[in-house]
Trainee: 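Structure below; questions to follow.
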Amino acid sequence: AVLGPLFGAGVAALIGWRGIFWLNIPLALLAAIAVWRLVPPHRAQVPHPGLSAAADDRELVPAGPAEHRAQQAPRVGVVGGLLLAVALALLVIGLHNPSPETSVLPSWGVPFLVAGGVAFVVFLFWESRARTRLMDPTGVHMRPFIASLAASFCAGAALMVTLVDVQLVAQTLLGKDSMGGTLLLTRFLVALPVGAIIGGLLIRFAGETVLTVVGMLLAGFAYWRIAGALGVSALDVDLIVAGLGLGLVIAPLSAIVLRVVPAAQHGIASAAVVVARMMGMLIGVAALSAWGLHRFQEFTKDLPTPLPFGVTPQEFERQVAAYRLALEAALRAEYREIFLATAVICALGAIVALLLGRRRDVA
C-alpha cells in the first residue's frame with residue numbers, strides 16, 4: 001500500500017502513465033502460468049468410494065449423498081461471474097463522461113446505467129436459480145454479510161477518491177509535481193496499514209461493529225475537514241486520520257464475513273468483500289469524478305480568457321492574475337464538493353455497519 005504509488009510514479013516517469021496499465025498484462029500472464037503449473041489439482045479425500053471417516057471417532061461409515069457430492073471436483077459459477085462482470089462494466093462505462101462541460105452523464109450514460117442495473121438483476125435471478133453459483137447462501141447470516149459488503153463498498157469508494165483526488169489537489173492547487181503529490185499521499189498510505197493492524201488487535205475487545213462504525217466515522221470526519229481546508233498543513237494531519245479510519249475497518253469486515261459464513265464458503269466470501277471494495281472504488285471514483293468535472297465546467301463556463309490584445313501589459317497581467325484566482329476558486333469548489341460527498345459516503349458506511357449486529361447475534 002505504501003510502495004505501490006511510489007512504484008507507479010516511477011513507472012509513469014519512465015514510460016508514461018499508460019505504462020502502469022500495460023505492466024499489469026505480463027504480470028497477470030505470469031500469475032496465470034504459476035497457478036496453472038503449481039496449484040495441485042483437486043483430489044477426493046475419502047478412503048473408499050462407499051465409505052467416509054466419521055469426524056468424532058474416525059470410524060468408517062457409509063457415505064451419503066453429501067459425501068459423494070464432496071468428492072466431485074468443485075464447479076465454478078462462470079455464468080454468474082460473467083453477468084456480474086458485464087453489470088459492473090456497463091455501470092462504469094455509463095458513468096464515464098468525456099465531455100463534462102455539457103452534462104454530468106454522457107449521452108449514453110442513462111441507457112448504460114439502466115442496462116447495468118438490469119444485468120445486475122439478471123445476475124441475482126441467476127444466482128437464485130442456478131445449480132452452480134458464485135456462492136451458496138445455505139447457512140449464511142445474510143444481514144451481517146450484506147452489511148459487510150455494503151460497508152466495504154463505501155470504504156472502497158472513499159479509498160479510491162483519496163488516491164485520485166489528493167494527487168489532483170496537490171498538482172492543481174498546491175503546485176506540486178506527480179512525485180510531490182505521491183509523497184503527500186504517502187501520509188494516507190502509511191496510516192492505512194497501521195489502522196488495519198490496530199483494527200485487527202482490537203477486534204476481540206471492541207467487536208467488529210464498533211470498530212467499523214468508529215473507523216467510518218473517523219474517516220468521514222477527516223474528509224469533512226479536508227473539504228473545508230484543502231491546504232498542505234491540513235492535509236498532513238487529515239490524510240493520516242482518514243488512513244487510520246479506513247484501515248480500521250479492514251480486519252473487522254473480513255472477520256465478520258468469516259464468522260457469518262460456513263467454513264466451506266470462506267474463500268468466496270472473502271473474495272466477495274474484496275469485490276465489493278473494488279466495486280466501490282470503480283463506481284465511486286467514476287461517479288464523483290463525473291460530478292466534479294461537470295461542476296468545474298459550470299464554475300468556469302462564463303470565465304473570460306484574458307488576451308493580450310487591445311490592453312496595456314499591466315492590464316493584461318491584472319486580468320491573468322484574476323483569471324488564475326478564479327480558476328483556483330473553481331478548483332477549490334469542485335474538490336470541496338467531492339470530499340464532502342466522500343464524507344457522506346463514509347457516514348452511510350457507518351450507518352450500514354450498524355446492521356452488522358452484535359457478536360452473539362451471529363455467532
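Please read all numbers here as calculations on a predicted model, not as lab measurements.
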Trainee: If we only count heavy atoms from C-beta on, is the Asp236 to Leu184 side-chain gap below 4.5 Å?
Mentor: yes

Trainee: Going hydrophobic residue to hydrophobic residue with side-chain gaps under 4.5 angstrom, can you get from Leu149 over to Ile250?
Mentor: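 Not linked; separate clusters.
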
Trainee: For Leu189 and Leu163, run side chain to side chain contact (heavy atoms under 4.5 Å, CB included): C-alpha distance rounded to whole Å, both residues' side-chain angles, the deciding distance at 0.1 Å, then the answer.
Mentor: CA-CA 9 Å; Leu189 297 170; Leu163 296 179; 3.8 Å; yes

Trainee: Distance from Leu246 atom CG to Cys346 atom SG, nearest 0.5 Å?
Mentor: 5.5 Å

Trainee: Measure across Ser107 and Pro111 and return the closest heavy-atom pair with its distance rounded to 0.1 Å.
Mentor: O-CD, 4.2 Å

Trainee: Are Leu168 and Leu174 grouped together when hydrophobic residues (ILVMFWY) are joined by side-chain heavy atoms under 4.5 angstrom apart?
Mentor: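 Linked, Leu168 and Leu174 end up in one cluster.
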
Trainee: Would you indicate whether the side-chain heavy atoms of Val352 and Phe153 approach each other to under 4.5 Å?
Mentor: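 Side-chain contact under 4.5 Å: no.
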
Trainee: What do you reckon, is CH2 of Trp108 surrounded by more than 12 foreign heavy atoms closer than 6.0 Å?
Mentor: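 Buried by this count: over 12 neighbours within 6.0 Å.
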
Trainee: Output the distance between atom CG (Leu340) and atom OH (Tyr223), rounded to the nearest 0.5 Å.
Mentor: 13.0 Å

Trainee: How long is the span from the CD1 atom in Ile198 to the CG atom in Leu211, to the nearest 0.5 Å?
Mentor: 10.5 Å

Trainee: Grab the two heavy atoms, one from Leu239 and one from Val166, that are nearest each other, plus how far apart they are.
Mentor: CD2-CG2, 3.7 Å

Trainee: For Thr300 and Ala330, work out which heavy atoms get closest and say how close.
Mentor: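 Taking Thr300 first and Ala330 second, the nearest heavy atoms are CG2-CB, 3.6 Å.
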
Trainee: From Phe188 CZ over to Leu235 CG, what is the distance, rounded to the nearest 0.5 angstrom?
Mentor: 12.0 Å

Trainee: With a 4.5 Å cut-off on side-chain heavy-atom distances among I, L, V, M, F, W and Y, is there a chain of contacts connecting Met160 to Met216?
Mentor: yes

Trainee: Hydrophobic clusters here meaning ILVMFWY residues chained together by side-chain heavy-atom distances under 4.5 Å, can you tell me if Val86 and Ile283 are in one?
Mentor: no

Trainee: Could you tell me whether a side-chain N or O of Arg204 sits under 3.5 Å from a main-chain N or O of Gly200, the two making a donor and an acceptor?
Mentor: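 Here the side-chain-to-backbone pair does not exist.
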
Trainee: So which heavy atom on Ala269 is nearest to which on Val257, and how close?
Mentor: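 Smallest interatomic distance, heavy atoms only, reads CB-CG1, 3.5 Å.
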
Trainee: Each residue besides Val39 in its hydrophobic cluster should be listed here, by chain and number; the cluster joins Ile, Leu, Val, Met, Phe, Trp and Tyr at side-chain heavy-atom distances under 4.5 Å.
Mentor: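 Hydrophobic cluster check, Val39: joined to Val35.
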
Trainee: Under 3.5 Å, sequence neighbours excluded: what are the donor-acceptor pairs made by side chains of residues 271-278?
Mentor:
none

Trainee: Find the distance between CD1 (Ile226) and CG (Asp165) and round it off to the nearest 0.5 Å.
Mentor: 10.5 Å

Trainee: Using every non-hydrogen atom in the two residues, find where Leu355 and Ala147 come nearest and quote the distance to one decimal.
Mentor: CB-CB, 3.8 Å

Trainee: Looking only at heavy atoms, which two atoms of Thr209 and Leu356 are closest? And how far apart?
Mentor: OG1-CB, 3.3 Å

Trainee: Please round to the nearest 0.5 Å and tell me the distance separating atom CG of Leu253 and atom CG of Leu258.
Mentor: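 If I round to the nearest 0.5 Å, the distance is 11.0 Å.
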
Trainee: Is there a side-chain contact between Phe123 and Phe120 in this structure, where contact means two heavy atoms from C-beta onward sitting under 4.5 Å apart?
Mentor: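 Yes, at least one pair of side-chain atoms sits under 4.5 Å.
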
Trainee: Tell me whether Ile256 shares a hydrophobic cluster with Val213, the cluster being built from Ile, Leu, Val, Met, Phe, Trp, Tyr side chains joined at under 4.5 Å.
Mentor: no

Trainee: Is the side chain of Ser254 donor-acceptor paired with the backbone N or O of Ala251 at a distance under 3.5 Å, no angle test?
Mentor: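 No; judged by distance alone, with no hydrogens or angles, the pair does not exist.
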
Trainee: Only counting residues at least two apart or in another chain, list the ones meeting salt bridge (charged side-chain N to carboxylate O under 4.0 Å, His left out) with Glu337.
Mentor: Arg295

Trainee: Please test Val214 against Leu248 for side chain to side chain contact (heavy atoms under 4.5 Å, CB included), starting from the C-alpha separation and ending with a verdict.
Mentor: CA-CA 8 Å; Val214 170; Leu248 201 63; 4.2 Å; yes

Trainee: Would you sort out whether Leu159 and Leu192 count as a side chain to side chain contact (heavy atoms under 4.5 Å, CB included), showing the intermediate values?
Mentor: CA-CA 10 Å; Leu159 173 63; Leu192 192 69; 4.1 Å; yes

Trainee: Would you call Arg324 and Glu328 a salt bridge, taking side-chain N to carboxylate O under 4.0 Å as the test?
Mentor: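 No, no charged N to carboxylate O under 4.0 Å.
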
